[in-house]
Amino acid sequence: MISTKNITFSYNKDQNFIMPDLFCQAGSTILVTGNSGKGKTTYLHILAGMLQPNSGEILIDNTDFTNLKGSKADKFRGKNIGVVFQKSHFIASLSVLENLEMASWLATGKKHTKRAKELLNKLDILEQAHKQPSQLSVGQQQRVSIARALMNEPKVLLADEPTSSLDDKNADNVIEILETLSKEYKTALIIVTHDNRIKAKFTNQITMV
């Protein structure tokens with residue numbers, strides 16, 4: 001599970017954010033919504049440990065992530081947090097399977113090939129394992145992104161606008177996949193979105209104002 005309390009952040013003296021508190025249990029989903037410029041992606045980056053808040057706490061399985069620094073923070077993030085970015089950021093020279101293996105190797109020092117293939121199979125893209133990401137459709141690339149985010153069995157899965165570049169059919173598929181796998185792996189799922197197609201499917205929402 002993940003919970004936050006009294007998170008604040010500022011890029012400069014003129015741009016200050018007071019983030020809403022949230023609580024998301026294992027296997028549950030929360031949407032973070034709001035108009036552009038309200039801090040949705042900033043909040044996701046804070047939850048992922050990519051930005052350091054000015055104040056507040058982020059508890060992941062009873063560990064305050066904000067107190068961890070340097071290599072300790074990196075190690076904790078690698079084991080406990082998976083991120084599905086709006087843009088995939090694959091290593092272009094590696095195959096789909098090798099990109100997933102790299103994710104596990106960076107976090108654990110081991111290439112979990114079996115788990116990578118199992119995830120690709122669950123996402124119905126195992127036949128794409130030895131292709132380069134550039135050879136995949138946008139919808140297939142998003143599925144690979146989800147697989148990569150789940151490689152290390154994280155306690156928290158963060159998704160940044162996961163359907164923004166997808167048509168309705170692929171958007172529905174990605175939403176269903178995220179929800180199904182978060183329940184199966186007992187992962188707290190937090191989706192940052194302004195996509196009404198997602199808003200219509202989840203009642204547990206926090207709006208940034």
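None of the values given here were measured: they were computed from a predicted structure.
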A.B. asks: Which pair of non-hydrogen atoms, one from Val83 and one from Leu157, has the smallest distance, and what is that distance?
C.D. replies: N-CD1, 4.5 Å
A.B. asks: Could you tell me which residues satisfy salt bridge (charged side-chain N to carboxylate O under 4.0 Å, His left out) with Asp74, sequence neighbours excluded, listed by chain and number?
C.D. replies: Arg77
A.B. asks: Could you pull out the closest heavy-atom pair between Thr193 and Glu161, with the gap in Å?
C.D. replies: CA-OE1, 3.4 Å
A.B. asks: Please confirm whether Arg197 makes a cation-pi placement over Phe202, using NZ or CZ under 6.0 Å from the six-membered ring centre and within 45° of the ring normal.
C.D. replies: no
A.B. asks: If the condition is salt bridge (charged side-chain N to carboxylate O under 4.0 Å, His left out), which residues does Glu98 pass it with, not counting sequence neighbours?
C.D. replies: none
A.B. asks: Can Thr113 and Glu101 be said to form a side-chain hydrogen bond (donor to acceptor under 3.5 Å, both in side chains), step by step?
C.D. replies: CA-CA 6 Å; Thr113 304; Glu101 290 173 333; 2.6 Å; yes
A.B. asks: Starting from Leu51, can I reach Leu59 by hopping between I/L/V/M/F/W/Y residues whose side chains sit under 4.5 Å apart?
C.D. replies: no
A.B. asks: Specify the closest pair of heavy atoms between Thr187 and Val156, including all atoms of both residues, with the distance to one decimal.
C.D. replies: CG2-C, 3.7 Å
A.B. asks: If you count heavy atoms of other groups shown closer than 6.0 angstrom to CD of Glu176, is the number above 12?
C.D. replies: no
A.B. asks: Determine the sole option in Thr63, Thr66, Asn67 for which the side chain to side chain contact (heavy atoms under 4.5 Å, CB included) test with Ile58 is passed.
C.D. replies: Thr66
A.B. asks: So for atom NE2, which belongs to His194, do other residues, nucleotides or ligands contribute more than 12 heavy atoms lying within a distance under 6.0 Å?
C.D. replies: no
A.B. asks: Verify the distance criterion only: is there a donor paired with an acceptor across the side chains of Asn54 and Ser10 at less than 3.5 Å?
C.D. replies: yes
A.B. asks: Counting neighbours of CD1 on Ile177 that are heavy atoms of other residues, nucleotides or ligands and sit closer than 6.0 Å, is the number greater than 12?
C.D. replies: yes
A.B. asks: Taking atom types as modelled, is there a side-chain donor on Gln86 or Ser164 under 3.5 Å from an acceptor on the other?
C.D. replies: yes
A.B. asks: Do other residues, nucleotides or ligands put more than 12 heavy atoms under 6.0 Å from Lys69 NZ?
C.D. replies: yes
A.B. asks: Would you say that more than 12 heavy atoms from the other residues, nucleotides or ligands in this model lie under 6.0 Å from the NZ of Lys117, or not?
C.D. replies: no
A.B. asks: Answer yes if the side chains of Thr207 and Thr33 hold a donor-acceptor pair under 3.5 Å, and no otherwise.
C.D. replies: yes
A.B. asks: Any idea which heavy atoms bring Ala171 and Leu166 closest together, and the distance?
C.D. replies: N-CB, 3.9 Å
A.B. asks: With the 4.5 Å side-chain cut-off for hydrophobic clustering, are Ile175 and Phe85 part of the same group?
C.D. replies: no
